[in-house]
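Down below is the structure, laid out as structure tokens.
Computed from a predicted model, the values in this text were never measured in an experiment.
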Amino acid sequence: MNAKARSGGLNPSFLVKVFGIAFFAYLFFGFMLLPCLNTLASIFSTTNAAGERDPLAVIRFFFAGNMRSFVWNSLKLAIGLVVTVNVVGVSIVLLTEYFDIKGAKILRLGYMTTLIYSGVALVTGYLFLYDSDGIITTMLANAFPGMNADWFSGFNAVWFTMTFACTSNHALFLRNAIRGIDYNTVEAARNMGAKPFKVLWKVVFPTLVPTMFSLTVMTFITGLCAMSAPTLLGYDSINPEIVRLAGSSVADEAFPQARAALLSMILAMFTIVLLTVLSSYERKGHYLSVSKTKAKLQKQKIDNPAANVLAHIYAYVLFIIYMIPVVMIIIFSFQTYGAIRMKKLDVTNWTLVNFFGSEDYQYLTNRGTYKTRKGSISGLFANEATLGGIRLSFILSAIAAALACVIVVAACSYIFKNRNKKSGVVLEYALLFPWLLPTILICYSYRTYFNSDSVWYVGNMNLYYAENVRMLIIIAYTVVKLPFSLRMIKAAFYAIDEELEDAARNLGASNAATFFKVKLPIILPSVLAVFALNFNALFTEYDMSATFASSYGTSYAMVIQSMCAEEGLYGYNVNASGRRCASTVFIMIVSGIILYLVYGVGSRDLGERLELKDRRRKRLAKLKARFSKRFHGNTSA
């Protein structure tokens, strides 16, 4: 009996389980825990001018120097965004989903444009309009001569840009929450004589509190950890300062690495506290009393004529704010470099050079002679730097998105098998661990910890050196996307009927065969959707790649960011602004296709897919019959 148990304990399934646990422990401690602990330790290991260790040197510097201003600036931005993003986010959802506003479908498309471009692409779009020589600012300055043309910089610019950039979560999650409201409760309140806005305040808003609380916390964290907008718009917040200090040295300023570590830990503490509060709030549960037969929400008409007109004006003003950057970027991507540089639309001169091909550039030198630069005007798909950034970001993002999905699928399978055991709970919380830390802390920890030849568990290989940095970026991308992937894919596992697994086992199928032939086909649409969303976010990612700044790891977003800085320098990259516009259009197209596949085609249930398939079949049959009739008619003639 003992011999049988011993032989059964060494079966392949047991060995795979042991190997999987050991491998995951290696990944967790090596790539999540130890680098962050090293960053924490570096704060207290600084030395003074005499070479003596002074654990409190950085702390004293923090209170004596200007480091506090970076923390305060980030807090001010986060608090401001909580107010404005919630106001605008709630507005766009109510205007398109709750109130009866004319043209709601068109308005919804405009409000959701931030889903197809974000980060550096979005900020550069706003700069194109509102910078000191931007299109809108120039028009306003001509109309109002006393206006300050440099208004779009610093806190005001970042606050304005991120207010409209950060409503994407409202457009997705709050919209679903409003659509889930039971219309019977709204109708009952209206029948009792309550006015539309009183119903909204007393009946609708209380049902949205859990969603609003989550969105508020996430908005605060987004403002606190902002990177792209403060960097490009010149605002001294925490993340850009961390990246700057990470690239500095002791010769430039006092213990920059330890200061970067301290700022990273401050961000981590804020994030941990906020996520702990959010988790505690969610665990309490929120239950609403609804009727047994749930009715679909019907849009409410605004009876007051004046309020109705004001609501429509407000809706379309927001629509214009959202759409102007998109429309202008698309239009100017087909303009010549001269028109783009002067910010003046030339309807008589359109070009595709910002996308394809190249042209020579002739300019006047200091000696009064003309000089020609071959191919200095180059398109998005004809420029080596841009193509290199696209290629690198595409490969790194695809690998990281796929790795995150594979790891989470394997982990979810283990979690559901051991749902009542501590090992399953520990594994789940380990995968959620990166959510407790700001992205910048994880990346900074990787940059400092793996920039060494003495890390034994990666074979004493310097992962920050030369082309190895690409491997480090993939690891960072994967780790950061694990929590989101877990939340989404875990939900898909709940759709698996346990009776299907039992039936497969009764037929003699192994665990591996059961997984690949029964489980995987059920969860595959959700896994592909998560892969697409991960890829979409990583492809245009800037924050992490900026932390790993290297000539071997220049991502697509970093190439876009550097285009304006190098435009026209020594006669090279003359049309960098045009190529940047073309790059933004390209990002919009890629993101739009992915979102359509995920939320359009991918969100349809089986009945809808069969219905669409039947419609296509009937349409094709009609076309065949029409062509057949014409063909036979011509033959007989």
Side-chain angles (χ1 to χ4, degrees), residues 35-36 38-46 56-81 119-120 123 127 153-159 161-162 165-166 220-274 437-449 451 464 476 480 541-550 555 557-558 561-562 565:
C36 294
N38 178 71
T39 299
L40 178 62
S42 67
I43 299 173
F44 306 101
S45 60
T46 55
L56 300 179
V58 181
I59 308 295
R60 288 196 299 271
F61 190 94
F62 176 83
F63 288 104
N66 65 342
M67 288 178 66
R68 289 177 297 172
S69 64
F70 295 100
V71 177
W72 165 241
N73 287 345
S74 291
L75 282 173
K76 183 171 69 171
L77 178 62
I79 294 169
L81 287 176
V120 174
V123 177
L127 274 171
S153 62
F155 175 76
N156 292 332
V158 175
W159 192 16
T161 302
M162 293 191 67
C166 296
F220 190 91
I221 293 175
T222 300
L224 201 65
C225 302
M227 177 71 180
S228 301
T231 299
L232 296 180
L233 300 175
Y235 184 62
D236 295 330
S237 61
I238 294 178
N239 267 5
E241 178 66 4
I242 292 174
V243 173
R244 188 192 70 80
L245 290 171
S248 185
S249 65
V250 178
D252 301 321
E253 50 193 327
F255 32 81
Q257 307 301 319
R259 285 159 58 193
L262 178 60
L263 288 175
S264 300
M265 284 300 167
I266 291 173
L267 272 185
M269 286 189 291
F270 277 118
T271 306
I272 291 170
V273 170
L274 288 168
L437 306 174
T439 300
I440 195 72
L441 172 59
I442 295 173
C443 296
Y444 175 77
S445 299
Y446 282 6
R447 172 172 173 161
T448 55
Y449 189 64
N451 188 14
Y464 188 64
V480 167
E541 190 280 328
Y542 174 78
D543 300 12
M544 288 186 275
S545 52
T547 311
F548 295 117
S550 167
S555 66
M558 292 184 69
Q561 191 274 339
S562 63

Which pairs of donor and acceptor atoms, one on a side chain in residues 224-232, lie under 3.5 Å apart (sequence neighbours left out)?
from	atom 1	to	atom 2	distance (Å)
S228	OG	D543	OD1	3.4
T231	OG1	M227	O	2.7

Q.
Test of understanding: with side chain to side chain donor-acceptor pair (under 3.5 Å), list the residues that count as partners of N451, not counting sequence neighbours.
A. N462
Q) Side chains of T39 and Y449: does their closest heavy-atom pair fall under 4.5 Å? A) no
**Q.** Residues forming a side chain to side chain donor-acceptor pair (under 3.5 Å) with T161, sequence neighbours excluded
**A.** none
Q. Taking only residues two or more places apart in sequence, or in another chain, which ones meet R259 in a side chain to side chain contact (heavy atoms under 4.5 Å, CB included)?
A. V58, F61, M67, E241, R244, L245, E253, F255
Q.
Using 0.5 Å steps for rounding, measure from the CG atom of L262 to the CD1 atom of I43.
A. 5.0 Å
(Q) Using 0.5 Å steps for rounding, measure from the CE atom of M265 to the CG atom of L40. (A) 4.5 Å
Q: Could you tell me which residues satisfy side chain to side chain contact (heavy atoms under 4.5 Å, CB included) with S153, sequence neighbours excluded, listed by chain and number?
A: none
Q) Roughly how far, to the nearest 0.5 Å, is OH of Y235 from CH2 of W159? A) 10.5 Å
**Q.** Heavy-atom closest contact (M544 atom, C443 atom, distance)
**A.** CG-SG, 3.1 Å
**Q.** Which residues share a side chain to side chain contact (heavy atoms under 4.5 Å, CB included) with Q257, sequence neighbours left out
**A.** Y444, T448
Q. Roughly how far, to the nearest 0.5 Å, is the CZ atom of F70 from the CD1 atom of I238?
A. 9.5 Å
Q: Run the numbers on F220 and L75 for side-chain contact (heavy atoms from CB on, under 4.5 Å), then give the verdict.
A: CA-CA 8 Å; F220 190 91; L75 282 173; 3.9 Å; yes
**Q.** Minimum heavy-atom distance between L437 and C36, given as atom pair plus value
**A.** CD1-SG, 3.5 Å
**Q.** Partner residues of Y446 under the ring-ring contact (aromatic ring centres under 6.0 Å, His included) criterion, sequence neighbours left out
**A.** F450
Q. With a 4.5 Å heavy-atom cut-off, do M162 and T222 have their side chains touching?
A. yes
Q.
By the side chain to side chain donor-acceptor pair (under 3.5 Å) test, which pairs, at least two apart or in different chains, include something from residues 57-78?
A. D54-R60
Q) Could you give the distance from CZ (R447) to CD1 (I440), rounded to the nearest 0.5 Å? A) 9.5 Å
Q | By side chain to side chain donor-acceptor pair (under 3.5 Å) - contacts of S237 (at least two apart) | A | none
(Q) Working to the nearest 0.5 angstrom, can you tell me the gap between N239 CG and S264 OG? (A) 8.0 Å
Q: Please report the closest heavy-atom contact between V243 and A546, naming both atoms and the distance.
A: CG1-O, 3.8 Å
Q: Could I get the full list of side chain to side chain donor-acceptor pair (under 3.5 Å) partners for T547, not counting sequence neighbours?
A: none
Q: Using the test ring-ring contact (aromatic ring centres under 6.0 Å, His included), find all partners of Y542 that sit at least two apart in sequence or belong to another chain.
A: none
